[in-house]
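Comments concern the structure below.
Note on naming: letters A, B, ... go to the chains in the order of the sequence lines (proteins, then strands), and numbering restarts at 1 for each one.
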Number of protein chains: 2
Amino acid sequence: MSALILTTYDWVPEGPRGLVRDLRVRWALEEAGLPYRVESTSFHDRGPEHFAAQPFGQVPWLTDGDITIFESGAILLHLAEKSPALMPQDPRDRTEVLGWVIAALNSVDLPAQPWALFRFMGFPRESPEAGFVEAFLKARLERMEAVLAGREQLVGDRFTVADLLMADVLRQVDRFDGLTEYPACHAYVARATARPAFVKAYRDQMAHFAAADAA
Amino acid sequence: MSALILTTYDWVPEGPRGLVRDLRVRWALEEAGLPYRVESTSFHDRGPEHFAAQPFGQVPWLTDGDITIFESGAILLHLAEKSPALMPQDPRDRTEVLGWVIAALNSVDLPAQPWALFRFMGFPRESPEAGFVEAFLKARLERMEAVLAGREQLVGDRFTVADLLMADVLRQVDRFDGLTEYPACHAYVARATARPAFVKAYRDQMAHFAAADAA
């Protein structure tokens, strides 16, 4: 088996470090114990080769033999097919995992990312627009709280790629203290990010960008 | 084969008609020629059975034998596995389709839906928050325009579930005249929505909600 190659930026500013989406792919690779190496693409100069691999000029992408995969959510689903550590075998469980993966990307990240970006930009929290985004996010978090109050994982009694992604999406909300009213969501993120595979992935991303500072 | 059952609301207000997400599932079922029937769940009373099938209390969900699938994006991926009309057989093409499906849900819908909701809410377009969301969306549309200026479909030379979903996501932008500066995106949506399967799906959704008005 040829090694998987994960490509991320050579450098990013301080702000997004720890949130760049190669992290969730590193995390999945570590959970699965799949061999991989990390390569860099220029943050400042995004040329035709970058756009050929990632149509939006973003990161990450994964190279698996002669296949290149973009979108971190798609990469996670691709990796999940390679490892029982990420995906159960039972067909009903597999369908449920797929549902929660898409829920993380579309139902939860969709309000969570604008909410976090508004905080990052320092927009006033009282504006009608900020209030709208906050209410949108809260509607989702209330439902996630109800789900997670009753169980430790989203599907069955084990950690899956659905938990990895949902926890990573909720982590960006937690970073701006958006889970204080949602103790089950907060505890869920805390449990997920205490896993050795996350700790290694986080440390590796921080070291990757710090090395670029030193270079 | 037992018929697939698509569940949507019994009624919705005028505003979202034509955009409720059972439409993209109807569309996929029509493209694939899969037998299905539509059932209703109460828009006004969302009880435990609704939340058991759809954890966010939304629609649609699909019942396939003893499996229930929520999230329209997950339903589309599930259906794509049942029909070559939606998903190519070549492994590289399949991976590319998966990438574009996730791109539609997370890279494009993520700014498109807040942008469309801000328009729907009538928020002023000059606020810093609206400007931020608009710039976020434009960054994605510029890249989609570059991609679609060069080809008619996202993957290979044929329509796939990736086009169905991307066109449906861009359609909500078009509805608020957000594609006027993006002629390739606009033409792409026009081509997709001229397909007989879309026309039938749209007409069927409108008739479903109109029947509730009359009842």
Among the listed options B:V147, B:L117, B:T68, B:I75, the residue most often paired with chain A at heavy-atom distances under 4.5 Å: B:L117

A:P114 side chain near B:F132 side chain, heavy-atom distance below 4.5 Å: no

Option in A:A139, A:A74, A:A130 with maximal non-hydrogen atom pairs under 4.5 Å from chain B: A:A74

Side-chain touch A:I102/B:L77, heavy atoms, less than 4.5 angstrom: yes

CZ/A:F120: more than 12 non-hydrogen atoms of other groups inside 6.0 Å: no

Chain A contact residues among residues 154-164 of chain B, heavy-atom distance under 4.5 Å: none

Contact class of A:F56 relative to chain B, heavy atoms under 4.5 angstrom: both

Under 4.5 Å from any heavy atom of chain B - which part of A:V108: side chain

Nearest-0.5 Å distance, CG of residue B:D109 to CG of residue A:L105: 11.0 Å

Chain A contacts, top residue of B:R140, B:H78, B:E129, B:R92 (heavy-atom pairs, under 4.5 Å): B:E129

Which portion of B:R21 sits near chain A, non-hydrogen atoms under 4.5 angstrom: side chain

Heavy-atom contact with chain B under 4.5 Å, split by part of A:F70: both

Interface residue of largest heavy-atom contact number with chain A, from B:P91, B:S107, B:G73, under 4.5 Å: B:S107

Test item: B:L98 and A:I69 side chains (from C-beta on) under 4.5 Å apart, heavy atoms: no

Within 6.0 Å of NE2 in A:H208, more than 12 heavy atoms from elsewhere: yes

Residue B:R125 excluded, over 12 heavy atoms near CZ under 6.0 Å: no

Interface residue of largest heavy-atom contact number with chain A, from B:P111, B:P128, B:S72, under 4.5 Å: B:P128

NE2 (B:H50) with more than 12 external heavy atoms under 6.0 Å: yes

Interchain contact, B:V133 with chain A, by part (heavy-atom threshold 4.5 Å): side chain

Contact class of A:W61 relative to chain B, heavy atoms under 4.5 angstrom: neither

A:P124, part contacting chain B, at a heavy-atom distance under 4.5 Å: both

Between B:Q113, B:E142, B:E96, the one whose heavy-atom pairs under 4.5 Å with chain A are most numerous: B:Q113

